[in-house]
Amino acid sequence: MKGKIENLPRHIGFIMDGNGRWAKQRGLPRLAGHRAGAENLRRVLRACGEWGIKYVTIYAFSTENWGRPKEEVEGLLNLLDQYIDKELPELVKEGVQVRHIGRMDGVPERLQEKIRQAVEATKGNERLILCVAFNYGGRAEIVDAVRKIIAKGYKPEEIDEDLISSHLYTAGIPDPDLIIRTAGEMRLSNFLLWQSAYAEYYSTPVYWPDFDEEELYKALLDFSRRERRFGLVKEG
Ligand code: IPE
Ligand code: IPE
Ligand code: MG
């Protein structure tokens with residue numbers, strides 16, 4: 001970790017992109033890139049913990065990613081399964097609370113169970129809240145929220161922004177302050193659409209498996225220098 005930074009984000013969202021390109025660059029199969037990406041997660045989470053970041057959301061698998069070749073999809077599902085087995089003890093020890101955001105429908109039963117176990121085993125932890133966006137889509141999330149609200153019988157005049165926020169998967173979690181996307185793309189790809197209305201965006205060409213402590217430092221430093229206005233006029 002480098003020198004102190006004044007203005008740190010409370011909540012960072014990571015769009016962990018570029019695993020495939022990282023692998024291709026090395027003449028390796030795409031899955032090797034995903035494996036390297038999963039390894040990297042440990043390093044980045046630890047660094048976030050050291051910076052005292054309270055909330056981290058990681059985009060692990062989108063509702064659109066089901067459209068990838070079957071072997072890749074299976075590989076990604078297996079990787080999450082293995083990741084939970086391997087990392088859960090450390091997550092518990094490090095005080096990380098795991099939350100899942102996304103749809104459980106469509107996720108193999110065995111993996112659903114494992115995700116529930118990870119959530120259950122860490123629910124008392126408070127040092128860092130880790131939201132795992134898995135089978136997640138920002139639009140699907142809004143659709144699900146609307147369904148819940150209608151099912152509860154709310155009247156049109158009772159519907160406001162707070163009500164919608166409190167029916168999203170992220171209910172109770174503050175909106176992200178900073179969205180970091182690796183591998184250079186300048187798009188959200190259906191990530192936290194509602195929640196990131198006033199997030200600051202940071203995009204780096206570095207592929208996710210190479211995004212290390214130094215890269216995180218650069219992103220945090222960049223964020224700390226942004227002026228967030230939230231549509232208002234700066235005083236003075
Ligand atoms: C991100 O890496 C991981 C997931 C989307 C699951 P990609 O697999 O999208 O890597 P690129 O974009 O092809 O390099
Ligand atoms: C976004 O990356 C999804 C995840 C990082 C899980 P993609 O690689 O799927 O997004 P696009 O296709 O470049 O928009
Ligand atoms: Mg990609």
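Positions are given from 1, in the same order as the sequence printed here. Atoms within each ligand, like the ligands themselves, are counted from 1 in listed order.
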Would you check if the side chain of Asp85 reaches a backbone N or O of Gln82 as a donor-acceptor pair within less than 3.5 Å? no

Around the Mg ion (ligand 3), list the protein N/O/S atoms within a radius below 2.8 Å, excluding water molecules. Asp17 OD1

Would you check if the side chain of Arg35 reaches a backbone N or O of Leu79 as a donor-acceptor pair within less than 3.5 Å? no

With Asn78, which residues qualify under side chain to side chain donor-acceptor pair (under 3.5 Å), at least two apart? none

How would you list, by chain and number, every residue that makes a salt bridge (charged side-chain N to carboxylate O under 4.0 Å, His left out) with Arg68, sequence neighbours excluded? Glu72

Would you check if the side chain of His100 reaches a backbone N or O of Phe134 as a donor-acceptor pair within less than 3.5 Å? yes

Would you say the side-chain atoms of Asp144 and Tyr169 include a donor-acceptor pair closer than 3.5 Å? yes

Answer yes or no: is there a donor N or O on one side and an acceptor on the other, between the side chain of Asn19 and the main chain of Ala36, under 3.5 Å? no

Donor-acceptor contact present, side-chain Tyr55 to main-chain Pro9, <3.5 Å: no

Would you say Ser165 and Asp162 are linked by a side-chain donor-acceptor pair, where the criterion is simply a distance under 3.5 Å? no

Listing by chain and number, which residues have a heavy atom under 4.0 Å from ligand 1? Met16, Asp17, Gly18, Asn19, Gly20, Arg21, Arg30, His34, Ala60, Asn65, Arg68, Glu72, Leu76

Checking Trp66 against Asn135: is there a side-chain donor and acceptor pair closer than 3.5 Å? yes

Atoms of ligand 2, numbered as shown, that sit under 4.0 Å from any heavy atom of Arg187: 11 (P), 13 (O), 14 (O)

